[in-house]
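Since the structure comes first, as structure tokens, the remarks are kept for the end.
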Amino acid sequence: NDLNISKNTHIQKTQNFLIKNNVKLELNNGAILYVEGNIVFEGTRENKIYIKSDGTGSIIFNNNHVRIEHTEVNNLGHPKLDQFILYGGLNFINANVVLKNVSIQNSKNEDALNLINSKTYLKNISLKNIQSDAIDIDFGTMNFTKIICLNVKNDCLDLSGAKTDGSILNVDSVNDKGLSAGENSEVNIIDLIMENS
């Protein structure tokens with residue numbers, strides 16, 4: 001069923017979730033969905049999953065397995081918690097992450113997609129109208145096939161201490177760096193296109 005979350009919600013390590021296609025998940029009033037259990041968002045090309053917010057809601061995935069497919073994410077904020085300093089709409093910490101056919105738009109935070117010390121695979125990821133960084137990766141590893149950044153006010157792909165291998169990074173209208181690789185990052189990208197950045 002559709003989910004409307006207006007207060008902080010915790011999915012414990014012992015709880016595993018499958019969210020089927022055509023579900024709408026709304027996070028409003030500063031609500032944080034904090035997920036420690038394994039979770040799958042199983043959208044399809046014809047029936048996507050929609051995650052949206054009033055510009056204040058966010059999600060934290062911590063120390064778990066996460067798979068998100070055929071999902072549109074719109075207008076997330078960032079979590080306000082004393083025990084974490086996180087600036088992303090979607091935050092992954094020490095997680096195993098697979099994102100396929102995911103669109104993120106109208107991000108209202110410092111990082112639309114924030115990955116910390118995680119093992120990540122991205123395929124067909126689109127980020128559009130992002131207020132600051134599109135993808136921020138601190139340590140861990142990432143493999144990707146096709147990332148598109150359009151109209152990003154800071155960096156498209158910001159790497160710190162991360163090992164990254166991928167193909168097709170398409171950057172257009174980014175106000176700062178299309179690719180930022182620092183803190184001993186190892187980067188190998190095939191087919192890198194940057195325009196108007």
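Computed from a predicted structure; not experimentally measured. Numbers for residues simply follow the sequence, beginning at 1.
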Give a yes or no on whether the backbone of [Y] and the side-chain of [X] come within a donor-acceptor separation of less than 3.5 Å.
{"X": "S53", "Y": "L76", "answer": "no"}
{"X": "S180", "Y": "D158", "answer": "no"}
{"X": "S185", "Y": "G161", "answer": "yes"}

Could you see if [X] belongs to whatever hydrophobic cluster contains [Y]? Use Ile, Leu, Val, Met, Phe, Trp, Tyr and a side-chain cutoff under 4.5 Å.
{"X": "L90", "Y": "I5", "answer": "yes"}
{"X": "V187", "Y": "L115", "answer": "yes"}
{"X": "F17", "Y": "V98", "answer": "no"}
{"X": "I39", "Y": "Y50", "answer": "no"}

Mind running side-chain contact (heavy atoms from CB on, under 4.5 Å) on L86 and I93 for me, showing each step along the way?
-> CA-CA 10 Å; L86 297 169; I93 306 166; 3.9 Å; yes
How would you list, by chain and number, every residue that makes a salt bridge (charged side-chain N to carboxylate O under 4.0 Å, His left out) with K128, sequence neighbours excluded?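 Partners of K128 by the salt bridge (charged side-chain N to carboxylate O under 4.0 Å, His left out) criterion come out as none, since no residue qualifies.
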With sequence neighbours excluded, tell me which residues meet side-chain contact (heavy atoms from CB on, under 4.5 Å) with [X].
{"X": "S132", "answer": "E110, N154"}
{"X": "L18", "answer": "K20, V40, E42"}
{"X": "V23", "answer": "D2, I19"}
{"X": "N47", "answer": "N21, N22, T44"}

Taking the six-membered ring for Trp, are F61 and F41 parallel (under 30°), tilted (30 to 60°) or perpendicular (over 60°)?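 Judged by the thresholds at 30° and 60°, the geometry between F61 and F41 is perpendicular.
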Side-chain contact test, heavy atoms from C-beta onward, threshold under 4.5 Å: evaluate it for [X] versus [Y] and give yes or no.
{"X": "I11", "Y": "L33", "result": "yes"}
{"X": "L179", "Y": "L159", "result": "yes"}
{"X": "V73", "Y": "I59", "result": "no"}
{"X": "I60", "Y": "I32", "result": "yes"}
{"X": "T120", "Y": "F144", "result": "no"}

Look up atom [atom1] in [X] and atom [atom2] in [Y], then write down how far apart they are to the nearest 0.5 Å.
{"X": "I147", "Y": "L157", "atom1": "CD1", "atom2": "CG", "answer": "5.5 Å"}
{"X": "D111", "Y": "N91", "atom1": "CG", "atom2": "CG", "answer": "8.0 Å"}
{"X": "S167", "Y": "N188", "atom1": "OG", "atom2": "CG", "answer": "10.0 Å"}
{"X": "I135", "Y": "D133", "atom1": "CD1", "atom2": "CG", "answer": "10.0 Å"}
{"X": "K108", "Y": "S58", "atom1": "NZ", "atom2": "OG", "answer": "14.0 Å"}
{"X": "L150", "Y": "S126", "atom1": "CG", "atom2": "OG", "answer": "7.5 Å"}

K100/N124 under side chain to side chain donor-acceptor pair (under 3.5 Å): CA gap, chis, key distance, verdict: CA-CA 6 Å; K100 294 181 180 179; N124 295 332; over 6 Å; no
Practice problem: Go through the side-chain N and O atoms of Y34 and N62 and say whether any donor and acceptor fall under 3.5 Å apart. | Solution: yes
Can you list everything that forms a side-chain hydrogen bond (donor to acceptor under 3.5 Å, both in side chains) with N184? Sequence neighbours excluded, please.
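Testing N184 for side-chain hydrogen bond (donor to acceptor under 3.5 Å, both in side chains), a comparison that skips the adjacent residues, returns none.
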Q. Listed by chain and number, what are the side-chain hydrogen bond (donor to acceptor under 3.5 Å, both in side chains) partners of K52, not counting sequence neighbours?
A.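 side-chain hydrogen bond (donor to acceptor under 3.5 Å, both in side chains) check on K52 returns nothing, list empty.
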Requested in this report: Could you name each residue pair satisfying salt bridge (Lys or Arg N to Asp or Glu O under 4.0 Å) that touches residues 177-197, not counting sequence neighbours?
Outcome: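 Matches after skipping sequence neighbours: D155-K177.
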What's the shortest heavy-atom distance between [X] and [Y], and which atoms?
{"X": "V152", "Y": "A134", "result": "CG1-N, 4.0 Å"}
{"X": "V171", "Y": "G178", "result": "CG1-CA, 3.9 Å"}
{"X": "Y87", "Y": "N114", "result": "N-ND2, 4.3 Å"}
{"X": "M142", "Y": "L122", "result": "SD-CD1, 3.5 Å"}
{"X": "N109", "Y": "H78", "result": "CB-CB, 3.8 Å"}

side-chain contact (heavy atoms from CB on, under 4.5 Å) between L27 and I51: does it pass, once the steps are laid out?
CA-CA 8 Å; L27 296 154; I51 301 172; 4.3 Å; yes
The residue among N74, N75, N151 that forms side-chain hydrogen bond (donor to acceptor under 3.5 Å, both in side chains) with N129 is N151
So side-chain hydrogen bond (donor to acceptor under 3.5 Å, both in side chains) across residues 5-16, not counting sequence neighbours, yields H10-E36
Residues pairing under side-chain hydrogen bond (donor to acceptor under 3.5 Å, both in side chains) where one sits in residues 135-148, two or more places apart or in two chains, turn out to be none
Which atom pairs, one a donor and one an acceptor, fall under 3.5 Å between side chains of residues 63-71 and the rest of the protein, sequence neighbours left out?
| residue | atom | partner | partner atom | Å |
| --- | --- | --- | --- | --- |
| N64 | ND2 | V35 | O | 3.0 |
| N64 | ND2 | G37 | O | 2.9 |
| R67 | NH1 | E69 | OE2 | 3.0 |
| H70 | NE2 | N101 | ND2 | 3.4 |
| T71 | OG1 | E69 | O | 3.0 |

Here the disulfide bond (SG atoms under 2.5 Å apart) pairs for residues 78-185, sequence neighbours left out, are C149-C156
